[in-house]
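Remember, it's a predicted structure, so these values are computed and weren't measured experimentally. Count residues from 1 along the sequence.
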Amino acid sequence: MCIGLDTPDTMGGTFAYDLDGFTVRNAPEPVNVSAANLTVGIARVHVDAVTELQTMQGQLSADDPAANTRLVDLTHTVLSESPSMSLATRFVFNDQPFSADLQIGTDPDQLPPRASFSFDNPLLLVPMLKVTLNMSVHEQLAAAMMAPQLKAQLMAGMPEGTEVDDAQLDQMVQAQVPMMIGGLTAQGYLTKEGDQLEMNASFDGQQLLLNGQPIPLAALLGATAGN
């Protein structure tokens, strides 16, 4: 773990945890995890503002406009320093590698002026977000991760009173998972490099890209709001 000051007012740090591996021998199938790593990083976090925000937790109410105004002011101070966070994880599950790297940053040039900044419309903060996600997962591991969700969907979609034993259901799942992966690859949500399935996503405050293909953000927000 390493923590230090980025500037006189802001701090940053990195926490890393490494695990050589472990084995679960009494599981239905042998489980072996190796080369595991989790790294979390933060940068340019305004120390005084964050400390005061922590002390204000649980003290806010609609009847205390002064405290709410102070909350807005402190939040603006934190965001104006362009704080960022990173999260990276890697492991090998039964000889099947997985890795994911998430970076979340902020662009203070897109931050509304302090006088007009408020929590009334959080979507006004979207343009200042800078996000990247790179993920790589072994195809067999991806299939194992998708199987429980697909099994639940199949069970939910069956007419009431339908009787299917677990073995039959597992066979149906095993037959459909490769088709799901193939469909996601054909649509560009996943790319394939050998045995690895990869996904690279980025958002620059205005445009969302998935494996280099633009995704209509307005449609995505509309779908989310509709749900």
Side-chain angles (χ1 to χ4, degrees), residues 1-27 29-57 74-111 125-126 128-149 189-205 208-212:
M1 182 170 65
C2 178
I3 298 177
L5 293 176
D6 294 328
T7 71
D9 295 321
T10 64
M11 64 171 282
T14 302
F15 168 83
Y17 180 77
D18 293 296
L19 180 66
D20 291 336
F22 63 88
T23 300
V24 181
R25 303 187 188 281
N26 59 350
E29 296 182 6
V31 173
N32 181 268
V33 176
S34 61
N37 169 268
L38 173 66
T39 302
V40 180
I42 58 171
R44 296 181 298 279
V45 176
H46 196 286
V47 179
D48 291 342
V50 170
T51 300
E52 188 172 345
L53 282 170
Q54 290 177 332
T55 62
M56 293 179 68
Q57 287 183 359
L74 289 170
T75 303
H76 191 280
T77 298
V78 172
L79 294 176
S80 67
E81 296 290 347
S82 186
S84 66
M85 183 190 77
S86 63
L87 174 65
T89 183
R90 287 166 177 73
F91 61 84
V92 178
F93 180 89
N94 288 351
D95 297 323
Q96 301 159 13
F98 172 91
S99 67
D101 293 278
L102 174 66
Q103 303 276 341
I104 302 176
T106 50
D107 181 0
D109 291 338
Q110 300 299 325
L111 181 64
L125 298 179
V126 170
M128 72 177 301
L129 287 176
K130 308 293 180 185
V131 183
T132 61
L133 172 63
N134 300 312
M135 186 177 70
S136 177
V137 56
H138 193 281
E139 188 170 6
Q140 291 183 20
L141 180 55
M145 295 166 68
M146 291 179 176
Q149 181 181 1
Y189 293 113
L190 296 172
T191 61
K192 191 171 181 180
E193 296 290 337
D195 292 328
Q196 293 293 116
L197 298 172
E198 299 183 355
M199 182 185 72
N200 302 296
S202 65
F203 178 66
D204 65 359
L208 175 64
L209 296 177
L210 185 59
N211 295 326

[X] [atom1]: over 12 foreign heavy atoms closer than 6.0 Å:
X	atom1	result
Asp18	CG	yes
Glu198	CD	yes
Tyr189	OH	no

Approximate separation, where rounding is to 0.5 Å, of [X] [atom1] and [Y] [atom2]:
X	Y	atom1	atom2	answer
His46	Glu52	NE2	CD	10.5 Å
Asp204	Leu129	CG	CG	10.5 Å
Leu210	Ser202	CG	OG	9.0 Å
Met135	Leu102	CE	CG	11.5 Å
Asn211	Thr191	CG	OG1	5.0 Å
Asp48	Leu53	CG	CG	11.0 Å

Could you tell me which non-hydrogen atom of [X] sits nearest to which non-hydrogen atom of [Y], and how far apart they are?
X	Y	result
Gln103	Ser86	OE1-CB, 3.4 Å
Gln96	Leu141	OE1-N, 3.2 Å
Gly105	Ser84	CA-CB, 4.0 Å
Val78	Ala49	CG2-CB, 3.6 Å
Leu38	Leu87	CD1-CD1, 3.4 Å
Gln196	Pro97	OE1-CG, 3.3 Å

- Verdict with supporting geometry, Val137 and Met199, side-chain contact (heavy atoms from CB on, under 4.5 Å): CA-CA 9 Å; Val137 56; Met199 182 185 72; over 6 Å; no

Closer than 3.5 angstrom, by distance alone: can the side chain of [X] be matched with the main-chain N or O of [Y] as a donor-acceptor pair?
X	Y	answer
Asn32	Asn94	no
Thr106	Pro83	yes
Lys192	Leu197	no

[X] side chain near [Y] side chain, heavy-atom distance below 4.5 Å:
X	Y	answer
Phe203	Val126	yes
Thr89	Phe98	yes
Lys130	Ile104	no

- Given Asn134 and Thr132, is the side chain to side chain donor-acceptor pair (under 3.5 Å) satisfied, shown in steps? CA-CA 7 Å; Asn134 300 312; Thr132 61; 5.0 Å; no

